[in-house]
Each structure stands twice: as structure tokens, then as C-alpha cells.
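These notes concern the structure reproduced below.
One-based numbering, in listed order, for ligands and for the atoms of each.
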Amino acid sequence: MKKILTLDDTYGQYSGQVLEELLTAEQIDRRITEMGAEISAKYQGKIPIFIGVLNGSFIFFSDIFRKLSIDGEVDFIKISSYADQTKSSGTVLLLKDISCNITGRDVIIIEDIIDSGLSIKFLKRRLEESNPSSVRVAAFLMKESTKVDFPIDFLGFRIPDKFVVGYGLDLAQKLRNLESVYAFK
Ligand code: IMP
Ligand code: MG
């Protein structure tokens, strides 16, 4: 039986909307354990810098980071493209840049979800400007119809083209605390 959630009055314009569980906590944990092993194998003997994309990646980040058998440094970058809507605004704003030196280092971007691909393109370009030794991407989710012109090196799940929440992902800053991923019906 799939878990169903109906948003109550505290969700204002979204009250009454019905959400259906898309990925269970167990599925997520299993896949993230595998991804942690893939990343650890790829970076054996190295100490990469993991750059989390705020806010959405914070739960994925802390889970995958604890699955690594290699050491890693941590930093964060904050961008905005959604502005509390459910569709990309088409413009990416850099709200907080990284605060470490990545020149000559191996960098892994930790992103929650790739939808239009605009954000990840922007982030890759920004980090490559600082001449790191490598930049790879680890994304928790990617939507079915998304195409980007570079590889997503480590991907958790391909999901249908629906708006999803939970496990760090938000609807207007809310619903991030759901343990699993839910899609709007
Ligand atoms: P993109 O630039 O269109 O690829 O969107 C990337 C960003 O938009 C992600 O980092 C998320 O923060 C947000 N986003 C995209 N799709 C969803 C969704 O289905 N639920 C919640 N946030 C999303
Ligand atoms: Mg995001």
C-alpha cells in the first residue's frame, strides 16, 4: 500500500492537495549506500571536497557523506531558481558562494534534484572557473525528460516529470522533513 498524504489548512493555497509516496525510506537508504560505495571506489586515495547545494541537498548530503569509506572536506553553495514556485524561474541567482579554495582539488557537487538542468549547468560553470582538478556531480534525483550536455556521474533515481517533496526537497520551503519522497498526484 502506497502512503498518501493530504495537505491540511496550514498549507494555505496548497491545502487539500494529495501526495503519494514515490520512494520509500528503505529504497532511498539502499541506493544511497550504493552511491557512497561508488564514490568511495572512484576517489580511493584522494580527499575530495563535497559541495552541497543549499537548501535542498542538506539531508541527502548528510546521509551520503556518512556512507563514504574515504575522507572528504565539506562546503556549501546556495543558489535560487525557483523562488517559491513549482517551476524554474529561468534565472539562477548565486545567493552564497563557496568559502574554500578548490583550485587543484577534486570537487563533487551534491545536488538534490535536476529538473530543467539550469542550476547544475550554472554550478558546474561557477566551480570550473576556480580551476579545480576535477568537478563531478552527485544528484539524488533527476526527472525523466531532463537532458544535460554533460554526464551526471552519480545519480540516485530517475523519476517521472512530477513535482516532488520530502527528504530535503520543498514546496515553498515546507515538507522537507518527510522521511521519504512524495509526488503530487
Ligand atoms: P533546475 O535548475 O530546473 O534543474 O532545478 C533545480 C532546482 O530546483 C533543484 O535544486 C531543486 O531545488 C528545485 N527543484 C526542481 N524540481 C523540484 C521538485 O520536483 N521538487 C522540489 N524542488 C525542485
Ligand atoms: Mg535546490
Side-chain angles (χ1 to χ4, degrees), residues 2-7 11-15 17-25 27-28 31-32 35 50-65 74-98 107-129 135-185:
K2 277 198 171 161
K3 288 187 197 163
I4 300 283
L5 206 94
T6 304
L7 300 184
Y11 293 93
Q13 62 170 304
Y14 302 106
S15 76
Q17 296 242 29
V18 180
L19 306 175
E20 190 178 58
E21 193 176 45
L22 186 68
L23 299 169
T24 67
Q27 280 177 298
I28 295 170
R31 183 67 193 118
I32 287 179
M35 291 177 82
F50 293 84
I51 300 189
V53 185
L54 296 171
N55 294 333
S57 77
F58 77 111
I59 292 179
F60 172 51
F61 192 114
S62 69
D63 279 352
I64 199 162
F65 194 67
V74 166
D75 198 12
F76 294 93
I77 191 165
K78 182 164 183 166
I79 56 167
S80 159
S81 75
Y82 269 50
D84 286 358
Q85 306 292 314
T86 55
K87 285 213 172 60
S88 172
S89 67
T91 313
V92 181
L93 297 178
L94 182 61
L95 301 180
K96 178 216 166 290
D97 204 354
I98 50 168
V107 169
I108 305 172
I109 302 172
I110 304 289
E111 176 64 304
D112 55 357
I113 185 167
I114 302 173
D115 184 6
S116 68
L118 212 67
S119 302
I120 197 66
K121 276 181 208 164
F122 174 92
L123 288 162
K124 234 185 151 232
R125 203 175 317 131
R126 160 63 199 95
L127 298 177
E128 277 164 355
E129 273 171 16
V135 180
R136 290 198 177 88
V137 177
F140 174 50
L141 304 174
M142 179 146 107
K143 294 198 184 162
E144 223 160 54
S145 63
T146 300
K147 286 191 181 67
V148 283
D149 50 11
F150 50 83
I152 303 303
D153 309 273
F154 309 98
L155 177 65
F157 300 91
R158 276 266 185 182
I159 59 162
D161 291 326
K162 288 182 178 173
F163 196 78
V164 293
V165 293
Y167 197 72
L169 292 140
D170 70 304
L171 170 68
Q173 303 305 324
K174 296 175 194 73
L175 298 165
R176 294 191 196 272
N177 61 327
L178 297 171
E179 267 196 298
S180 54
V181 172
Y182 286 76
F184 277 84
K185 276 201 116 174

Worksheet item: Considering residues at least two apart in sequence or located in another chain, which fulfil the ring pair (Phe, Tyr, Trp, His ring centres under 6.0 Å) criterion with Phe76?
Response: Phe61
Worksheet item: If you take all heavy atoms of Leu155 and Met35, which pair is closest and at what distance?
Response: C-CE, 3.6 Å
Worksheet entry | Taking every non-hydrogen atom, the tightest pair across Ser119 and Glu111 | CB-OE2, 4.1 Å
Item to complete: Return yes when Val53 approaches ligand 1 closer than 4.0 angstrom through a heavy atom, no otherwise.
Response: no
Worksheet, complete the sentence: Here the pair of heavy atoms bringing Leu118 nearest to Thr91 is CD2-N, 4.1 Å
Fill in: For atom 21 (C) of ligand 1, the option (of Phe140, Phe163, Tyr182) bearing the nearest heavy atom
Phe163
Fill in: Contact summary for Ile28 and Ser180, nearest pair of heavy atoms
CD1-CA, 3.9 Å
Item to complete: State if Ile120 counts as touching ligand 1 under the rule of any non-hydrogen atom under 4.0 Å.
Response: no
Discussion item. If the cut-off is 4.0 Å to any non-hydrogen atom of Leu118, which atoms of ligand 1 fall inside it?
Written reply: 2 (O), 4 (O)
Discussion item. At less than 4.0 angstrom from any non-hydrogen atom of Leu169, what atoms of ligand 1 do you find?
Written reply: 21 (C), 22 (N)
Item to complete: Answer side chain, backbone, both or neither: which part of Asp112 comes under 4.0 Å from ligand 1, heavy atoms only.
Response: side chain
Worksheet item: Does some non-hydrogen atom of Ser116 fall short of 4.0 Å from ligand 1?
Response: yes
Item to complete: Give a yes/no on ligand 1: does Lys143 have at least one heavy atom closer than 4.0 angstrom to it?
Response: yes
Worksheet entry | Numbering as shown, the atoms of ligand 1 that approach Asp170 to under 4.0 Å (heavy-atom distance) | 21 (C)
Worksheet item: Between Glu20, Lys162, Lys3, which is the residue that forms a side-chain contact (heavy atoms from CB on, under 4.5 Å) with Tyr182?
Response: Lys3
Practice prompt. Kindly indicate, with the supporting measurements, whether the criterion side-chain contact (heavy atoms from CB on, under 4.5 Å) is fulfilled by Tyr167 and Val181.
Written response: CA-CA 6 Å; Tyr167 197 72; Val181 172; 4.0 Å; yes
Discussion item. If I apply the N/O under 3.5 Å rule, does Val164 come out as touching ligand 1?
Written reply: yes
Worksheet item: Which is closest to atom 7 (C) of ligand 1 by heavy-atom distance: Ser80, Gly117, Ser119?
Response: Ser119
Practice prompt. Please identify each residue that fulfils side chain to side chain donor-acceptor pair (under 3.5 Å) with Asp97, with sequence neighbours left out.
Written response: Arg126
Worksheet entry | Numbered atoms and elements of ligand 1 in range of Glu111, under 4.0 angstrom, heavy atoms | 10 (O)
